[in-house]
Amino acid sequence: GQSLEQPSEVTAVEGAIVQINCTYQTSGFYGLSWYQQHDGGAPTFLSYNALDGLEETGRFSSFLSRSDSYGYLLLQELQMKDSASYFCAVRVGTDKLIFGTGTRLQVFP
Amino acid sequence: DAGVIQSPRHEVTEMGQEVTLRCKPISGHDYLFWYRQTMMRGLELLIYFNNNVPIDDSGMPEDRFSAKMPNASFSTLKIQPSEPRDSAVYFCASSPSGRRSYFGPGTRLTVT
């Protein structure tokens with residue numbers, strides 16, 4: 001079967017940097033994605049890593065180590081609007097996405 | 001493009017009633033996914049289609065749930081009969097490939 005682990009909650013202050021970790025156990029791994037979901041909203045895509053290394057998109061970066069079955073999402077220069085839930089998701093096979101339980105990020109002024 | 005469209009946005013029904021959720025994927029996307037989200041179980045993949053063909057329905061909870069995709073622009077998820085434990089937010093998502101999924105706004109289902 002597949003399993004993903006990520007912290008349930010993280011808190012930080014505006015302007016800070018926060019890292020959300022994700023470890024996974026799965027077969028047929030193709031890549032690791034990150035999605036953001038605000039309360040009452042739908043998940044929205046943030047990033048996708050298929051290969052080891054760091055991918056940077058603006059204030060957000062995502063890292064993958066396939067050998068360690070580990071990845072993280074790094075959020076820099078935190079803003080209040082970044083308060084949301086963040087989900088890692090593994091791509092299993094060519095087209096199936098399995099989501100983690102989500103990390104609730106609270107940003108304080 | 002208007003994005004993934006789901007209807008209704010909210011549904012309140014009584015136990016035992018039939019519920020039909022609808023989804024219009026983004027044009028040109030080959031994949032369509034149905035997810036269910038609850039506090040207890042998180043975001044669960046129920047079923048997905050590729051080119052209108054069901055590929056994996058292993059996440060469908062039981063025979064009360066069924067999904068169809070009669071054409072590339074429409075899919076339904078039906079629950080018959082509905083039960084209180086089916087209360088959740090149901091998301092439809094579409095994707096041109098396996099890399100990135102585009103989610104609809106969701107249908108909040110309450111079964112009393």
Side-chain angles (χ1 to χ4, degrees), chain A residues 1-9 20 22-24 26-51 53 55 57 60 62 64 66 71 73 84-105, chain B residues 1-7 9-10 21 23-26 29-60 69 88-110:
Chain A
Q2 291 98 10
S3 68
L4 295 92
E5 288 191 17
Q6 52 181 129
S8 59
E9 189 168 359
I20 301 174
C22 175
T23 58
Y24 58 88
T26 186
S27 57
F29 176 86
Y30 271 68
L32 184 72
S33 298
W34 289 92
Y35 285 76
Q36 178 192 60
Q37 185 179 30
H38 286 98
D39 286 348
T44 57
F45 174 86
L46 291 177
S47 67
Y48 176 76
N49 294 67
L51 303 175
E55 296 276 347
T57 308
F60 294 1
S62 57
L64 175 64
R66 295 175 68 118
L73 179 69
S85 292
Y86 293 84
F87 294 86
C88 61
V90 292
R91 183 181 171 195
V92 179
T94 57
D95 41 36
K96 187 173 178 177
L97 207 56
I98 305 297
F99 281 80
T101 52
T103 299
R104 188 171 183 86
L105 170 64
Chain B
D1 203 311
V4 176
I5 299 172
Q6 291 187 246
S7 64
R9 293 293 307 275
H10 301 273
L21 312 181
C23 174
K24 176 179 169 57
I26 294 172
H29 284 192
D30 293 333
Y31 293 92
L32 184 138
F33 306 86
W34 281 101
Y35 291 90
R36 176 173 69 174
Q37 186 173 37
T38 62
M39 288 295 293
M40 292 296 296
R41 302 177 67 89
L43 200 57
E44 304 173 273
L45 176 64
L46 301 177
I47 184 171
Y48 76 95
F49 297 81
N50 181 21
N51 292 321
N52 313 338
V53 176
I55 302 300
D56 186 341
D57 65 354
S58 60
M60 295 287 261
M69 192 165 186
V89 180
Y90 290 81
F91 288 104
C92 173
S94 69
S95 177
S97 68
R99 291 172 56 92
R100 174 177 180 169
S101 289
Y102 296 75
F103 281 75
T107 295
R108 182 173 296 276
L109 173 65
T110 303

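Just so it is clear: chains get the letters A, B, ... in the order the sequence lines come, proteins before strands, and each one is counted from 1.
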Closest non-hydrogen atom pair, Gln37(B) against Phe87(A)
NE2-CZ, 3.6 Å
Nearest atoms (heavy-atom pairs only) where Arg99(B) meets Phe45(A)
O-CE1, 3.7 Å
Turns out that what part of Tyr35(B) lies under 4.5 Å from chain A's heavy atoms comes down to side chain
Grab the two heavy atoms, one from Ala42(A) and one from Phe103(B), that are nearest each other, plus how far apart they are.
CB-CB, 4.0 Å
Between Ser101(B), Gly106(B), Gly42(B), which shows the greatest number of heavy-atom pairs under 4.5 Å with chain A?
Ser101(B)
Which bit of Leu45(B) is near chain A, if near means a heavy-atom gap under 4.5 Å: side chain, backbone, both or neither?
side chain
Whatever's closer than 4.5 Å to a heavy atom in chain B on Ser33(A) counts as side chain
Okay, Thr38(B) and chain A: the region with an atom under 4.5 Å from a heavy atom over there is neither
Heavy-atom contact with chain A under 4.5 Å, split by part of Glu44(B):
neither
Whether over 12 other heavy atoms sit under 6.0 Å from Arg104(A) CZ
no
Between Tyr48(B) (side chain only) and Leu97(A) (backbone N and O only), is there a donor and an acceptor less than 3.5 Å apart?
no
Report, as yes or no, whether the 6.0 Å neighbourhood of atom CZ on Arg108(B) holds more than 12 heavy atoms from other residues, nucleotides or ligands.
no
Indicate the atoms forming the closest heavy-atom contact of Gly41(A) with Phe91(B), along with that distance.
O-CZ, 3.7 Å
